[in-house]
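Naming convention: chains lettered A, B, ... in sequence-line order (proteins, then strands); numbering from 1 in each chain.
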Amino acid sequence: MLILTMTNLEIAKLLRNVAASYEIKDENKFRFQIIAYKKAADAIQNSSSEVKDLFKEKKLSSLPGVGPSISSHLEELLKTGKVKHFEWVMQGIPKTVFPLLDVPTVGPKKAFRLTTELSLKNPETAVNDLKIAAVQGKIAKIEGFGEKSQADILRAISDFFLGKGKTTRMALPYAFEIAEKLVSYLKTHPSVIQAIQLGSLRRMMPTVGDIDIAVATSDPKSAIMHFINYPYKERIIEQGQESASILLSNGKQIDLMTQPPKKFGALLQHFTGSKNHNIKLREYALSKRLSLSEHGIKKEIANDEWKMKNYSKEEDFYKALGMDWIPPELREDTGEVELAIKHKLPKLVELPDVKGDLHIHSNFPIDPSHDLGKNSMKEMVARAEELKYEYLGFSEHNPSISKHTKGEIYNLISRRNAHIEQIKSHIKNVRIIKLLEIDILVNGSLAVDNKSLELLDGAIVSIHSSFGMNKESMTKRVLQGLSHPKAKILAHPTGRMLNQRPGYDLNFEKIFDFCKKYKKALEINSWPERLDLPDSIIKQAVQNEVKLIINTDSHSVSEMNLMRYGVAMARRGWAKKSDILNTLGYNEFIKWLKGGEL
DNA sequence: GCCGTTTTCGGCCCGACTGTTTTCAGTCG
């Protein structure tokens, strides 16, 4: 049997094309199929498991929005490479339509009309052909289009080619910086009573597309005028009575929404999202004859007669629906609404719960296999004291095995231990733990031998080479590495680098079983490009009662502040304080590290 | 086509903005 190697992204795109085809053919007749296909596409694109794996495990229907019909279509797709039903739906729709959907402001209807009116034939060059038509003034002549739409399409295409706008997502901390700068600019104007960043930023998504800002104002006209005059603006995307969007000179889009202070709670709720969370909330509200929007909650008092109620506080908005306030990190429609109704949301871990950081690279000259830290142990301990940590684990990379003999490695680690003992006498409030970040070699063995390992309180193990191994071999390699009694923590377990590489394949069911049985912990790495584990796997780990440790992987003092991002990932993965080992006090933590019962 | 605190049948979020229109369609979040 042929199992097609289509990625989730490719499959999601195909489903969106099916939805678009339905939309072109008869938007009303296929209304709910359109919604269903889009929803399934979202679920597949956001799924942490590959569709082809889910298919092999007969778990396709576990994806929310994938039911009997779509899952049988996906089966057919993976087995034969095509789907009869999809071909039927797409019949009569030129293939040239689909690439045009990637251009901002062009949806199914416009793409179809442009394709047919301009006789665009080649899907490979469709976007460029459209550009040529626009330059030649052919679009403005089409009925329903005009000079302005032609200019809009032309600009959208050039933005698309430049990679501007929606296609690029930036790392969370970078988005934070841009948003903070803009918020402080907004606050300089008297009409702006409050300005807050919302959307994916407030939900602490690992990457952020557009930056969303909410403003409380009694004078939206002035506030929006101030916003669109932002000095770093390249151009205005849209500007209305209560909202506006601008494009910054760095290619990032900022969306602004305003409401008067008495409605600000509803705006916070609306603009924090996610889209799916809001849809779930509104569907639930509707069942209680309530209608939700950024203006507040409308209640049906008589037949089709609605009365609007305002909310200045977000907490009151949720309360009015009969549910608990939901932390933004959970608002992804993954079960949080149902639990909020039952008042059974978990109490999530918080930054002040963290009692220590175990993944710290100092500049001690241990001649490591990978990069050395920039600051001294003393400097990093001083920062740990400021952060009110009880303990700090030094975990430089192991000495390079290509440059050193086993004996030399033993001596280097011994010297580091001696240095730690020496500085300990000057430290009052922080206990030092002697760790090392050790490579798991291709054959699963550790880059440090047993004798040298005895010098350590414990080891963090991780993959830094041969990322291309297949799922089973990589899983075997990792478990082999973790099986040494000193190996207690698996660092950055998926190896992903956001916007750079996807990370290697691991069988997490096996990893979870092993970790639970042998009391190993998985790291949540706070490094902005890593944020590894991903939130969806954290959630599974928590469900499987696997313990986690949030580390910064700091190579300098300033990076020790990154802990908040690791905590954010833990929260997005529904982790409680009790799931995170470095919320334990020193004695209990050491007991776990040395292999004792918890 | 999916799904369930009211349902295995009968529902399916809500509103802002733009351009080309004199009342709306398309797109977006």
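- For E87(A), the CD atom is densely surrounded, since the number of other residues' heavy atoms within 6.0 Å is greater than 12.
- Here the separation of dT23(B) from dC28(B), taken at their P atoms, is 26 Å to the nearest Å.
- Between S291(A) and the phosphate of dC13(B), there is no side-chain N or O to OP1/OP2 separation shorter than 4.0 Å.
- Computed from coordinates, the R16(A) CZ to dC28(B) P distance equals 12 Å when rounded to whole Å.
- For the contact set between residues 145-153 of chain A and DNA chain B, defined by any heavy atom under 4.0 Å, the members are F145(A), G146(A), E147(A), K148(A), S149(A), D152(A).
- If you take NZ of K221(A) and P of dA16(B), they are 18 Å apart, rounded to a whole angstrom.
- What separates CG of D42(A) from C1' of dC28(B) is a distance of 14 Å, to the nearest Å.
- One can place NZ of K298(A) at 8 Å from P of dC14(B), the figure rounded to the nearest angstrom.
- The neighbour count for K299(A) NZ, taken as heavy atoms of other residues, nucleotides or ligands under 6.0 Å away, does not exceed 12.
- Contact annotation: H295(A) does not reach the phosphate of dC14(B) (side-chain N/O to OP1 or OP2, under 4.0 Å).
- Regarding Q259(A), its CD atom lies at a distance of 12 Å from the P atom of dG15(B), rounded to whole Å.
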Nucleotides 3-7 of chain B: which of its N/O atoms have a protein N/O under 3.5 Å away?
from   : atom 1 : to     : atom 2 : distance (Å)
dC3(B) : OP1    : G65(A) : N      : 2.6

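- Counting to the nearest Å, the P atom of dT27(B) and the CZ atom of F160(A) are 16 Å from each other.
- As a whole-Å value, the separation of I139(A) CD1 from dT20(B) P is 12 Å.
- Rounded to whole Å, the distance from CG on L114(A) to C1' on dT27(B) is 14 Å.
- Looking at which nucleotide of DNA chain B each of G144(A) and F271(A) is closest to, the 5′-most match is held by G144(A).
- The same atom, C1', is picked in dG1(B) and in dT8(B); the two are 15 Å apart, to the nearest Å.
- Between E529(A) and R496(A) no salt bridge is recorded (no basic side-chain N to carboxylate O distance below 4.0 Å).
- In this structure, L101(A) and A20(A) approach most closely via the heavy-atom pair CD1-CB, 3.8 Å.
- Rounded to a whole angstrom, the distance from the C1' atom of dG26(B) to that of dT21(B) is 12 Å.
- dT27(B) and dT20(B) have their P atoms separated by 14 Å, given to the nearest Å.
- Mapping G240(A) and T105(A) onto DNA chain B via the closest heavy atom, the residue that lands nearer the 5' end is G240(A).
- Set against dC17(B), dG1(B), dC12(B), the side chain of S69(A) has dG1(B) as its closest nucleotide.
- The minimum heavy-atom distance linking A244(A) with F227(A) is given by the pair O-CE2, 3.7 Å.
- Side-chain nitrogen and oxygen atoms of K109(A) include none within less than 4.0 Å of the OP1 or OP2 phosphate oxygen of dG19(B).
- Scanning both residues, A134(A) and I139(A), for their nearest heavy atoms gives CB-CD1, 3.6 Å.
- We find that R203(A) and D535(A) are not joined by a salt bridge, their nearest charged nitrogen and carboxylate oxygen being 4.0 Å or further apart.
- No contact: S245(A) has no heavy atom under 4.0 Å from any strand.
- The P atoms of dG15(B) and dG10(B) are separated by 27 Å, rounded to the nearest whole Å.
- Look at the C1' atom in both dA16(B) and dG11(B): the space between them is 26 Å, to the nearest Å.
- Partners of E509(A) by side chain to side chain contact (heavy atoms under 4.5 Å, CB included), not counting sequence neighbours, listed by chain and number: K59(A), N507(A).
- Using a 4.0 Å heavy-atom cutoff across all strands shown, I279(A) reaches at least one base atom of the nucleic acid.
- Put simply, S243(A) has no side-chain N or O that comes within less than 4.0 Å of OP1 or OP2 on dA16(B).
- The side chain of S293(A) places no N or O atom within less than 4.0 Å of a non-bridging phosphate oxygen (OP1 or OP2) of dC14(B).
- Listed in residue order, the members of residues 29-38 of chain A having a heavy atom less than 4.0 Å from DNA chain B are F32(A), Q33(A), A36(A), Y37(A).
- The side chain of D210(A) lies closest to dG29(B), out of dG1(B), dC17(B), dG29(B).
- Using C1' as the reference atom, dC13(B) and dC2(B) are 16 Å apart when rounded to the nearest Å.
- Within the 4.0 Å cut-off from OP1 or OP2 of dC13(B), not a single side-chain nitrogen or oxygen of H277(A) is found.
- In this structure, the side-chain hydrogen bond (donor to acceptor under 3.5 Å, both in side chains) partners of T7(A), at least two apart in sequence or on a different chain, are E10(A).
- Closest non-hydrogen pair, I44(A) versus N8(A), comes out as O-ND2, 3.2 Å.
- Between Y37(A) and H85(A), the ring planes are parallel. Angles under 30° get that label, and only those over 60° would be called perpendicular.
- Judged by the 6.0 Å and 45° rule, R31(A) forms no cation-pi pair with Y22(A).
- Pairs engaging residues 187-206 of chain A under the ring-ring contact (aromatic ring centres under 6.0 Å, His included) rule: H189(A)-H226(A) [sequence neighbours left out].
- Taking the C1' atoms as reference points, dC12(B) lies 15 Å from dT6(B), given to the whole Å.
- Taking the six-membered ring where tryptophan is involved, the planes of F508(A) and F512(A) are tilted, since the angle between them lies from 30° to 60°.
- Across all strands shown, dT8(B) has no partner, as no Watson-Crick or G-U wobble contact with both distances under 3.5 Å is found.
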